[in-house]
J.: 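Structure in structure tokens, see below.
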Amino acid sequence: MFTGIITDIGTIRAADQRGDLRLVIGCAYDMEGVAIGASIACSGACLTVVEKGPDWFAVDLSAETVARTAPDLWKVGGRLNLERALKVGDELGGHIVTGHVDGIGILVSATAEGDSTRLVIAAPAALAPALAAKGSITVDGISLTVNMVEDQPDGSVHFGLNIIPHTAAATTLDGLPKGRAFNLEIDVLARYLDRMQALRNRAA
């Protein structure tokens, strides 16, 4: 489990396509305190440490993980939002995040509003029922509050976020080209409610 509070930005130093995709990620963590087998959320995807050095760790990504996450994310030089797994007793500053990507969002617009930036992101129709104003969403591993939801004619949804300067500086949201893809994870409560409603509809 994670909280969506980013604690470091990692950089992909190497990407080796073996049976799976092996990534070497540079970071500022004290790796002596990170065990082999530990979980680290990398831009919202929970990955397992399989090797490590003084300032890096390695992870393996299956073809399924690559296919279900944002395209072009796992390339050498790419920057990743990092968060180590939640420990019992840690402060829960964001919301409960599982590190399982539910879908891909596409940046529609990024507009300055005072010192902050307002983002509008398009999400697929499958996620539309789970998005609500003032609800939580995880975007590339970052816990954020949904400010606006607009359903689209094709069933997809646009949702709005407010990014304060601290969040932009502490994450990879300092770079926002139009069309950028994001890993999205809906709130875990919304996931269960969506499943319960689907079963009720099927039984009706």
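Nothing here was measured: the structure is a model prediction, and the numbers come from that model. FYI, side chains are in, hydrogens and waters are out, and symmetry mates aren't considered; it's all heavy atoms of this structure.
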J.: Quick one, Leu173 and Phe182 - any side-chain contact, counting heavy atoms below 4.5 Å?
T.: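 Of all side-chain heavy-atom pairs linking Phe182 with Leu173, at least one is under 4.5 Å.
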J.: Should we count CG of Asp154 as having more than 12 external heavy atoms under 6.0 Å?
T.: yes
J.: How far apart are the closest heavy atoms of Val24 and Trp56, and which atoms are they?
T.: CG1-CE3, 3.8 Å
J.: Mind checking whether Leu119 and Leu107 have side chains closer than 4.5 Å, heavy atoms only?
T.: yes
J.: Taking the side chain as C-beta and beyond, is there a heavy-atom pair between Thr98 and Met1 under 4.5 Å?
T.: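 In contact.
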J.: Under 3.5 Å, side chain of Asp140 to main-chain N/O of Asn183, donor-acceptor pair present?
T.: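 Here the side-chain-to-backbone pair exists.
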J.: Give me the atom names and distance for the closest heavy-atom approach of Ala15 to Leu23.
T.: CB-CD2, 3.6 Å
J.: How far does CZ of Arg79 sit from OG1 of Thr172, to the nearest 0.5 angstrom?
T.: 6.0 Å
J.: Using the rule that two of Ile, Leu, Val, Met, Phe, Trp, Tyr join whenever any of their side-chain heavy atoms come within less than 4.5 Å, decide whether Phe2 and Tyr29 are in one cluster.
T.: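 Phe2 and Tyr29: separate clusters.
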J.: Could you check whether atom CZ of Arg68 has more than 12 heavy atoms from other residues, nucleotides or ligands sitting under 6.0 Å from it?
T.: no
J.: Please report the interatomic distance CG(Leu161) to CZ(Arg118), rounded to the nearest 0.5 Å.
T.: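 Taking CG in Leu161 and CZ in Arg118, the distance rounds to 8.5 Å.
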J.: Residues two or more places apart in sequence or in another chain: which of them pass salt bridge (Lys or Arg N to Asp or Glu O under 4.0 Å) with Glu150?
T.: none
J.: What are the two closest non-hydrogen atoms of Cys27 and Leu82, and how far apart are they?
T.: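 For Cys27 versus Leu82, the nearest heavy atoms are CB-CD1, 3.8 Å.
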J.: Find out if a path of hydrophobic residues (ILVMFWY) with successive side-chain heavy-atom gaps under 4.5 Å connects Ile25 to Met31.
T.: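 They do share one cluster, since a chain of ILVMFWY contacts under 4.5 Å joins Ile25 to Met31.
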J.: Would you find a donor on one side and an acceptor on the other, under 3.5 Å apart, between the side chain of Asp8 and the backbone of Ala28?
T.: yes
J.: With sequence neighbours left out, write down each residue that passes salt bridge (Lys or Arg N to Asp or Glu O under 4.0 Å) with Asp72, or none if nothing qualifies.
T.: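 Partners of Asp72 under the salt bridge (Lys or Arg N to Asp or Glu O under 4.0 Å) test: Lys75.
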J.: Check Ile106, Val149, Val120 against His158 for a side-chain contact (heavy atoms from CB on, under 4.5 Å) and give me the one that passes.
T.: Val120
J.: Looking at CG of Leu47 and CZ of Phe57, how far apart are the two atoms once the value is rounded to the nearest 0.5 Å?
T.: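 Interatomic distance, Leu47 CG to Phe57 CZ, rounded to 0.5 Å: 7.5 Å.
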J.: Would you say Leu144 and Leu176 are hydrophobically clustered, going by side-chain heavy atoms of ILVMFWY under 4.5 Å?
T.: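 Linked, Leu144 and Leu176 end up in one cluster.
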J.: Using modelled atom types and a 3.5 Å cut-off, is there a donor and acceptor pairing between side-chain atoms of Arg84 and backbone atoms of Thr7?
T.: no
J.: Please name the residue in the list Thr145, Thr138, Thr3 that meets the side-chain hydrogen bond (donor to acceptor under 3.5 Å, both in side chains) test with His95.
T.: Thr138
J.: Do Ile142 and Ile137 belong to the same hydrophobic cluster, where Ile, Leu, Val, Met, Phe, Trp and Tyr are linked whenever their side-chain heavy atoms lie under 4.5 Å apart, directly or via other members?
T.: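 Ile142 and Ile137: one cluster.
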J.: Crowded around Glu32 CD? As in, over 12 foreign heavy atoms under 6.0 Å?
T.: no
J.: What's the spacing between Ile104 CD1 and Leu184 CG if we round to 0.5 Å?
T.: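 One finds 6.5 Å between CD1 of Ile104 and CG of Leu184.
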J.: Could you give the distance from CD1 (Ile186) to CG (Leu131), rounded to the nearest 0.5 Å?
T.: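 Nearest 0.5 Å value for the CD1-CG distance: 7.5 Å.
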J.: Applying the 4.5 Å side-chain criterion to the ILVMFWY set and letting contacts propagate, would Val50 and Val34 be lumped into a single cluster?
T.: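 Hydrophobic grouping puts Val50 apart from Val34.
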J.: For Ile164 versus Ser116, what's the shortest heavy-atom pair and its separation?
T.: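 Shortest heavy-atom separation between Ile164 and Ser116 comes out as CA-OG, 3.6 Å.
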J.: State, to 0.1 Å, how close Leu73 and Ser43 come at their nearest heavy-atom pair, and which atoms those are.
T.: CD2-CB, 4.1 Å
J.: Could you give the distance from CG (Leu21) to CH2 (Trp74), rounded to the nearest 0.5 Å?
T.: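 Reported value, rounded in 0.5 Å steps: 9.0 Å.
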J.: Would you confirm whether Thr167, through its side chain, and Ile163, through its main-chain N or O, come within 3.5 Å as a donor-acceptor pair?
T.: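 A pair under 3.5 Å: no.
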J.: Verify, without hydrogens or angle tests, whether Glu113 (side chain) and Asn162 (backbone) share a donor-acceptor contact under 3.5 angstrom.
T.: no
J.: Provide the closest heavy-atom pair for Arg22 versus Ala58 in the form atom of the first, atom of the second, distance.
T.: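 Closest heavy-atom pair between Arg22 and Ala58: CD-CB, 3.8 Å.
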